[in-house]
Amino acid sequence: MPEHDLLASSLDSADPQPQDSTTQGNDAALTGMLTMFRTLAALAGQSPGLTSPLTTGVQPIAAPSFPAFVSTDHSPAGKSLPALFPAIKTSMLLDIARHEFRPMDLCKLDPASKFRRADMERLDSNTSRTTGTKDYPALHNLLIPLLTYFSVLQAFAALSGDAHATFMIGQGAARYSSHLMNLNQKYEWSAVLQYHIHFHLNHRQEMLAGSYAGWAKPDNLLLTKFCLGNVRAPNTSRRTAGKRERDVSSE
C-alpha cells in the first residue's frame with residue numbers, strides 16, 4: 001500500500017478519546033490539521049510532480065552578449081608608418097619601431113615646439129644634451145609629443161596584426177598620461193620631467209623584449225628618487241583668496 005494511503009488510513013483509524021470542554025478548541029485545530037494532511041497526501045498521489053525539486057526545468061540566466069564591432073573607417077592595411085605619419089622623419093619612425101628613440105628627443109615630434117629645428121638637426125648626430133624645463137617648460141609641452149610617440153608605436157603594432165599588443169600600448173598610454181598628470185599636481189614639474197625621462201629609458205629595454213605592460217604601472221623606485229623630496233609648494237594666491245573668502249563670510 002502507498003505511504004500516503006497508510007498515512008490516511010492510520011489517521012482515519014485513530015479513535016478519539018473523551019475530552020473535557022477545556023480542550024475542545026485544541027481538538028478543532030487538530031481536526032483541521034488532520035484534514036489538511038489527508039488532502040496533501042491525496043494530492044501527492046495524484047500529482048507526483050509536486051514532490052520534485054522546485055529547480056527542475058529552471059533555465060539559467062544568459063549572460064548579456066556584446067554586439068559585433070563595427071567601423072566605417074578605412075583600414076591602414078598595406079600602408080607603412082611613413083604613409084601614416086608623413087610629418088615625422090622616417091629616421092625617427094624607425095627609431096620608435098626599433099625602441100631606440102630617446103625620450104629627450106620627444107620635442108622633435110611636436111611641430112609647434114620652441115626647440116628650433118636648426119638645433120634639432122645639429123643634435124641629430126648622437127650629440128648628448130641634458131633635457132630640462134627649457135625644452136619642456138610645462139606638462140602639456142611633454143604630453144603632446146608623447147601622445148604622438150604612442151600613436152606611432154600603436155600603429156606599428158596594429159600594422160603587424162598583433163591586436164593584444166595594440167591594446168596594451170593604448171591602455172598603457174592612457175594610464176601613463178593620467179599618471180603624469182597626477183604627479184604634476186603633487187610634485188614640482190622639474191622632478192616629474194626627470195621621472196618621465198628615466199621611466200622611458202627603463203621601459204625601452206622591456207619593449208625590446210616584447211613587453212608593453214610596464215607603461216601602465218608606476219615605478220616606485222623612480223618616484224622615491226625624483227619626486228618624493230620635491231613636493232609642490234601650496235599655491236599662495238589660491239590660499240590668500242580662500243582666506244579672504246572666509247573672512248567675508250564670517251562677518
Side-chain angles (χ1 to χ4, degrees), residues 81 84-85 88-110 113-115 119-120 123-160 162-232:
L81 285 179
L84 294 174
F85 302 93
I88 302 177
K89 286 185 176 182
T90 302
S91 59
M92 285 190 284
L93 294 174
L94 285 172
D95 286 343
I96 294 175
R98 295 169 178 167
H99 306 301
E100 298 175 355
F101 188 82
R102 299 177 299 179
M104 57 281 297
D105 291 336
L106 272 176
C107 53
K108 298 180 181 181
L109 300 178
D110 182 9
S113 174
K114 294 182 179 180
F115 193 59
D119 292 333
M120 296 181 190
L123 292 174
D124 275 342
S125 58
N126 293 331
T127 303
S128 60
R129 64 184 177 91
T130 302
T131 301
T133 54
K134 181 179 179 181
D135 298 329
Y136 308 97
L139 175 62
H140 73 273
N141 299 109
L142 176 71
L143 279 182
I144 292 174
L146 179 61
L147 293 177
T148 300
Y149 167 84
F150 282 128
S151 295
V152 174
L153 196 60
Q154 194 170 18
F156 181 57
L159 291 174
S160 71
D162 193 334
H164 181 68
T166 303
F167 165 76
M168 293 300 293
I169 295 170
Q171 183 188 52
R175 290 188 177 182
Y176 183 68
S177 299
S178 177
H179 177 51
L180 286 181
M181 287 186 283
N182 287 332
L183 292 181
N184 189 51
Q185 293 292 322
K186 300 177 181 179
Y187 305 106
E188 294 292 338
W189 166 238
S190 58
V192 177
L193 178 59
Q194 292 304 313
Y195 169 85
H196 160 72
I197 291 173
H198 290 82
F199 189 100
H200 191 168
L201 286 172
N202 290 349
H203 285 81
R204 286 200 310 178
Q205 301 302 317
E206 293 184 0
M207 291 187 293
L208 280 172
S211 176
Y212 300 89
W215 287 103
K217 304 174 183 177
D219 191 318
N220 292 327
L221 291 178
L222 293 180
L223 284 173
T224 302
K225 182 176 181 179
F226 294 106
C227 296
L228 294 186
N230 295 281
V231 178
R232 185 180 289 275

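We count residues from 1, following the sequence as given. Being a predicted model, the structure only gives us computed values, none of them experimental.
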From Lys134 atom NZ to Cys107 atom SG, the distance as rounded to the nearest 0.5 Å = 11.5 Å
Heavy-atom closest pair, residues Thr133 and Leu193 = N-CD2, 3.9 Å
Residues that Ser160 engages under side chain to side chain contact (heavy atoms under 4.5 Å, CB included), provided they are two or more places apart = Asp162
Judged by atom type as modelled, is there a donor-acceptor pair below 3.5 Å linking the side chain of Tyr136 to the main-chain atoms of Leu106?
-> yes
Distance (rounded to the nearest 0.5 Å) between Leu208 CG and Gln205 CD | 5.5 Å
Taking all atoms of both residues into account, what is the closest heavy-atom pair of Glu188 and Arg232, and its distance?
-> OE2-CA, 3.6 Å
If you take all heavy atoms of Pro218 and Leu223, which pair is closest and at what distance?
-> CB-CD1, 4.3 Å
Non-hydrogen side-chain atoms of Lys108 and Met92 separated by less than 4.5 Å | yes
Could you state the interatomic distance from CG (Asp219) to NE2 (His179), rounded to the nearest 0.5 Å?
-> 8.0 Å
Does a side-chain heavy-atom distance below 4.5 Å link Leu109 with Ile96?
-> yes
Considering only distance and modelled atom types, tabulate donor-acceptor pairs under 3.5 Å from the side chains of residues 139-150, sequence neighbours left out.
unit_1 : atom_1 : unit_2 : atom_2 : d
Asn141 : OD1    : Ala138 : N      : 3.0
Thr148 : OG1    : Ile144 : O      : 3.2
Tyr149 : OH     : His200 : NE2    : 3.3

His203 meets the ring-ring contact (aromatic ring centres under 6.0 Å, His included) criterion, sequence neighbours left out, with Phe199, Trp215
By ring-ring contact (aromatic ring centres under 6.0 Å, His included), which residues pair with Tyr187, not counting sequence neighbours?
-> none
State, to 0.1 Å, how close Thr166 and Gln154 come at their nearest heavy-atom pair, and which atoms those are.
-> O-NE2, 3.2 Å
Gln171 backbone acceptor or donor facing Tyr212 side chain under 3.5 Å | no
When rounded to the nearest 0.5 Å, the distance separating NE2 of His164 from CD1 of Ile169 is 10.0 Å
Can you find a heavy atom in the side chain of Asn230 that is under 4.5 Å from one in the side chain of Ser190?
-> no
Exercise: identify the closest heavy-atom pair between Ala191 and Cys227 | O-SG, 4.1 Å
Whether His198 side chain and Gln194 backbone form a donor-acceptor pair below 3.5 Å | yes
Quick one: ring-ring contact (aromatic ring centres under 6.0 Å, His included) partners of Phe156, sequence neighbours excluded?
-> none
Regarding Tyr176 and His196, is there a side-chain donor-to-acceptor distance under 3.5 Å anywhere?
-> yes
Would you please name every residue forming a ring-ring contact (aromatic ring centres under 6.0 Å, His included) with Phe85, sequence neighbours left out?
-> none
CG of Asn202 to CG of Leu221, rounded to nearest 0.5 Å, is 9.5 Å
For Met207 against Leu153, the heavy-atom pair lying closest together | SD-CD2, 3.8 Å
Is a side-chain donor or acceptor of Arg175 paired with a backbone partner of Lys217 at a separation under 3.5 angstrom?
-> no
For the residue pair Leu94 and Leu81, establish whether any side-chain heavy-atom pair is separated by less than 4.5 Å.
-> no
Indicate yes or no for a side-chain donor-acceptor contact from Thr224 to the backbone of Asn220 under 3.5 Å, with no hydrogens or angles considered.
-> yes
Within a strict 4.5 Å, meaning less than it, do heavy atoms of the Arg204 and Arg102 side chains meet?
-> yes
